[in-house]
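Just so we're clear, the structure is a prediction, and the values are computed from it rather than from any experiment. FYI, side chains are in, hydrogens and waters are out, and symmetry mates aren't considered; it's all heavy atoms of this structure.
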Amino acid sequence: MGFSVGFVIGFVGVLILFHAAYSTTQYKGLLKITEDDFSGPPFNVVVELIVGLVLCTWAAITVPGIFLSIHPHSDDNRMVSLPDNLDFIIFNHRGKVLVPEINMKSEH
């Protein structure tokens, strides 16, 4: 069960974000005790938020893997086919009220 480097970095980023949230909550509790007004989080919490955001963003970009081509004539695309048993495909649903009725009879 090996984790990739990107996954570990993302996990560390999430931990940093949770720590920043906890630190802000503790800071607000301290301000209640000292009866000061909350003007914003301390500088170290802001730095933690930025670092956590960067790590999580980097992990979100690198962990999912490679991007596949969306061009219709690309060799990377797989052919998607209908299942062999077409009995369970339902075309009569509530979405039909959104589209006007179309005559779809074949002209064979």
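Here Thr57 contributes atom OG1 and Ile9 contributes atom CD1; the two are 12.5 Å apart, rounded to the nearest 0.5 Å. Distance check: Ser23 OG to Ile16 CD1 gives 11.0 Å after rounding to the nearest 0.5 Å. To the nearest 0.5 Å, atoms NE2 (His19) and CG (Leu17) are separated by 12.0 Å. Distance check: Gln26 CD to Leu31 CG gives 11.5 Å after rounding to the nearest 0.5 Å. Atom-to-atom distance recorded for Leu30:CG and Thr25:OG1 is 12.5 Å, nearest 0.5 angstrom.
Alongside Phe11, the hydrophobic cluster contains Leu15 (criterion: ILVMFWY side chains under 4.5 Å).
A search for ring pair (Phe, Tyr, Trp, His ring centres under 6.0 Å) contacts involving Tyr27 returns nothing, not counting sequence neighbours. With sequence neighbours left out, the side chain to side chain donor-acceptor pair (under 3.5 Å) criterion links Thr34 to Asp36.
Taking all atoms of both residues into account, the shortest heavy-atom contact from Ala59 to Gly6 is CB-O, 3.2 Å. Nearest heavy-atom pair across Cys56 and Gly13 is SG-C, 3.5 Å.
With contacts defined as side-chain heavy-atom distances shorter than 4.5 Å, the pair Val46/Ile50 qualifies.
For the side chain to side chain contact (heavy atoms under 4.5 Å, CB included) with Leu55, the lone residue among Val8, Val12, Val14 that qualifies is Val12.
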